[in-house]
Amino acid sequence: MIKSSNEKSKSPMKMEEDRPTKPKPPMATVPPEVRSEKPLLDDKHITEGKGDLAKPAAPVFMEGFDKQKTIDLLYWRNVKQSGAVFGSVLLLLFSLTQFSVVSVGAYLALAALSASISFRIYKSVLQAVQKTDEGHPFKSYLEVEISLSQDQIGNYADKALLYANTCMKELRRLFLVQDLIDSLKFAVLMWLLTYVGALFNGLTLLILAVVSMFSMPIVYEKHQAQIDQYVGLIRTQVNSVVGKIQAKIPGAKRKEE
């Protein structure tokens, strides 16, 4: 009886061992180069994703401002756009010559409010007549993101701080005569500006600067060879005069680096 019970207990084990095993599907052999490259690619994608998330998104109203568009504007690539900007800026500056800043700002605000209120009333009446429900006419503009993030404010503050520190260091260098020639050049420039200030006020100089910004690039582009030739001659003469002065004044020679 004991023997038969032992045989019964062993028989299931034998049956499981004798049972044919299913063939396993063949594993695809992956070269070691591919195995080593996959984690690198994954890490690369992860780092790129993190970089995109970490980069602060610029507000919509600042997306149109870049260096290339400014160059195209000053070189009159688009005549209508450049003419509109140039005319608007000149009109604003000429208005400031006749009226105060407060008056010009108030008139501009009233003109903008009159236009927007008139358009809003017109669209409301049109929707009431046509029995449509298009919503607020400025809804798309009201949903535009115009706020600055803390990262962007910090970035602009860092740039402003860098420029301020650079200007203060340069002024300290000029006023404390670290380099005699540079200080003399600065003194001559200030002396010439006294005559410029006697002839023009700040707004007139600003108007001349705007006119020069929109006229000189296109003139230089058309007559670049002649202008470069004359500028080179003037620069040679100035360098020769500065060299003679530097040779005669003791202690004015620059230290060789």
May I ask you to decide if L73's main-chain N or O and Q81's side chain share a donor-acceptor pair within less than 3.5 Å?
no
Could you state the interatomic distance from CG (L184) to CG (L189), rounded to the nearest 0.5 Å?
12.5 Å
Counting only heavy atoms not in Y75, do more than 12 fall under 6.0 Å of its OH?
yes
Just say parallel, tilted or perpendicular for the rings of Y195 and W191, cut-offs at 30° and 60°.
perpendicular
The criterion is side chain to side chain donor-acceptor pair (under 3.5 Å); which residues satisfy it with N155, sequence neighbours excluded?
none
With clusters defined by side-chain heavy atoms of hydrophobic residues (ILVMFWY) lying less than 4.5 Å apart, directly or transitively, does L162 cluster with Y156?
no
Heavy-atom side-chain proximity of N201 to T97 below 4.5 angstrom:
no
Which heavy-atom pair separates S95 from L91 by the least distance, and what is that distance?
OG-O, 2.7 Å
A side-chain contact here means heavy atoms from C-beta on lying under 4.5 Å apart; do K222 and I218 qualify?
yes
Side chain to side chain, N239 and R235, heavy atoms closer than 4.5 Å:
yes
Nearest 0.5 Å, please: how far is CE in M168 from OH in Y163?
15.0 Å
Quick one, I121 and I117 - any side-chain contact, counting heavy atoms below 4.5 Å?
yes
Shortest non-hydrogen contact between S212 and P217, atoms and distance:
O-CD, 3.5 Å
If Ile, Leu, Val, Met, Phe, Trp and Tyr residues are connected whenever their side-chain heavy atoms lie under 4.5 Å apart, and connections chain through other members, are V101 and V89 in the same group?
yes
With L205 as reference, evaluate L199, V210, V196 under the side-chain contact (heavy atoms from CB on, under 4.5 Å) test and give the passing residue.
V196
Do I227 and L74 sit in the same hydrophobic cluster, where Ile, Leu, Val, Met, Phe, Trp and Tyr count as joined when their side-chain heavy atoms come under 4.5 Å apart?
no
Between R172 and Q178, is the side chain to side chain contact (heavy atoms under 4.5 Å, CB included) condition met? List the steps.
CA-CA 8 Å; R172 182 186 64 181; Q178 182 178 355; over 6 Å; no
Taking the side chain as every heavy atom from C-beta outward, state whether D72 and N78 have any atom pair closer than 4.5 Å.
no
N/O donor-acceptor pair under 3.5 Å between S118 side chain and A115 backbone:
no
Enter the distance from E143:CD to H136:NE2 here, rounded to the nearest 0.5 Å.
11.0 Å
Report the relative orientation of the aromatic rings in F119 and F138; use parallel for angles under 30°, tilted for 30 to 60°, perpendicular for over 60°.
tilted
CG-CG distance between L203 and L208, expressed to the nearest 0.5 angstrom:
11.0 Å
Mind checking what makes side chain to side chain donor-acceptor pair (under 3.5 Å) contact with T236, not counting sequence neighbours?
none
Could you check if a side-chain atom of Q237 sits within less than 4.5 angstrom of a side-chain atom of S240, using non-hydrogen atoms only?
yes
Which residue pairs satisfy the ring pair (Phe, Tyr, Trp, His ring centres under 6.0 Å) criterion with at least one member in residues 214-247, sequence neighbours excluded?
F86-F214
Q150, CD: over 12 other non-hydrogen atoms inside 6.0 angstrom
no
Heavy-atom pair of closest approach, residues P137 and K123:
CB-CG, 3.9 Å
Heavy atoms of L96 and S100 approach each other most closely as CD2-O, 4.3 Å
pair V211-L90: side-chain heavy atoms closer than 4.5 Å
yes
Separation of K69 NZ from I71 CD1 (nearest 0.5 Å):
13.0 Å
What's the separation between atom CG in D182 and atom CZ in R173, rounded to the nearest 0.5 Å?
4.5 Å
Cluster question for you: counting only ILVMFWY and a side-chain heavy-atom cut-off of under 4.5 Å, with indirect links fine, are V219 and M213 together?
no
Is there a path of hydrophobic side-chain contacts, each under 4.5 Å between heavy atoms, that joins M216 and I207?
no
